[in-house]
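In what follows, a single structure is set out as structure tokens and then discussed.
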Amino acid sequence: MKFMTRGLIFMTACHVTFVLMSQGANILTSSDGRFRYKFLGCYSDKSDRALPIELFNGREYVDWNMKDYNFGKIIEMCATRAYDRGYLKFFGLQYYGECWGGRKGSRYNINGEAKTCMKGIGGEWTNAVYEIIHDCKVSGMTYESGQRFYIPQNPVNSNDISCQSCLCDQGYKSCRGKIMCDFFFPCEKFIPAPPGTCCPTCACYHQNKFYKDGQSWIIRQPHAEPDCYECTCASNQTKCVAAGCPNNCPNPVYEPDKCCPTCHPGAPTSHAPFTIPETTPRPPPVMPPFPGFPGNQKRSLRLRKISRRSKS
């Protein structure tokens, strides 16, 4: 009887304190920083138990001689027991220290709301119910426990474009390794990836000029392979493909806005040098005088006259 009287006085003195807590910020963090949990409300219970898994009885840790005893230690002990189980979504404290747990989908509110909770714990057949927060909040995004997500570069390191690969593990992010982002064309201006995604995008930008959706341009890379890309702006992102120009193009004519030249097969072309083959040898030429050569007849008459004079 003495215990019940002290209990009633305690409840009366502490009821207002709990109401103020329920109206404030109800998300709490464990003292070791491992997880968070939040207060859901005060609900009636019955013998079939809305939260069926008994975790421990914390009444033995309560200092009943202290008028304004702080039940925060008991609440955290219950939260830690529930969190360490790994599969519990809810926990509740009733009868000034009993700790009960329930899986995801437990109908903790099946018996309706109650008004006999104090300082974060419930009275007889009353649960002060809490929910363990297993999600992760990173850069304004929320991820459920077990969900993988990415932390992108911002700003983008153009020499090592990558992102962190992370896992939400019971309310805390665990990041291991990184994922590389490959760009198969030269990008002049990167747009950082949104939170939760990995790779950045390439802005519609080339040679100090921004392009609009539907506009096209080319990127030449002399002495590279491939040496030219045909690019288009689509949804404010650059999309490029390597130009497939013919290898043999007679008389190519290049245009400023095209990767591939126009070929002119009918125009004169230069050929590789070649050697004229040798012909059959011919006899050496006969130099004058020879029969029939002009002037031979006059010369013959002169020779005859000289011959006659010598004889006489």
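- Using bins of under 30°, 30° to 60° and over 60° for the plane-to-plane angle, the ring pair Tyr143/Phe149 lands in the parallel bin.
- The minimum heavy-atom distance between Lys212 and Cys233, with the atom names listed, is O-CB, 3.2 Å.
- Judged purely by atom type and a 3.5 angstrom limit, Tyr95 has no side-chain atom pairing as donor or acceptor with the backbone of Arg59.
- Between Trp64 and Phe71, the angle of the ring planes goes over 60°, which puts this pair in the perpendicular group of the 30/60° scheme.
- Aromatic ring centres of Tyr83 and Tyr37: separated by at least 6.0 Å.
- Within the 3.5 Å criterion, the main-chain N or O of Asn127 finds no donor-acceptor partner in the side chain of Asp45.
- Defined by atom type and a distance below 3.5 Å, a donor-acceptor pair is missing between the side-chain atoms of Thr116 and Glu124.
- Using modelled atom types, no side-chain atom of Thr126 and backbone atom of Cys117 make a donor-acceptor pair closer than 3.5 Å.
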Open item on the list: For Cys260 and Cys228: C-alpha separation, side-chain torsions, deciding distance, then whether disulfide bond (SG atoms under 2.5 Å apart) applies.
Closed with: CA-CA 8 Å; Cys260 297; Cys228 192; over 6 Å; no
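- Remark: Tyr254 OH is loosely packed, at most 12 non-hydrogen atoms of other residues, nucleotides or ligands lying under 6.0 Å away.
- Side-chain polar atoms of Trp217 and Gln215 form no donor-acceptor pair below 3.5 angstrom.
- For the side chain to side chain contact (heavy atoms under 4.5 Å, CB included) with Thr238, the lone residue among Tyr211, Phe185, Tyr205 that qualifies is Phe185.
- Formation of a donor-acceptor pair under 3.5 Å by the Gln94 side chain with backbone atoms of Trp100 is not found in this model.
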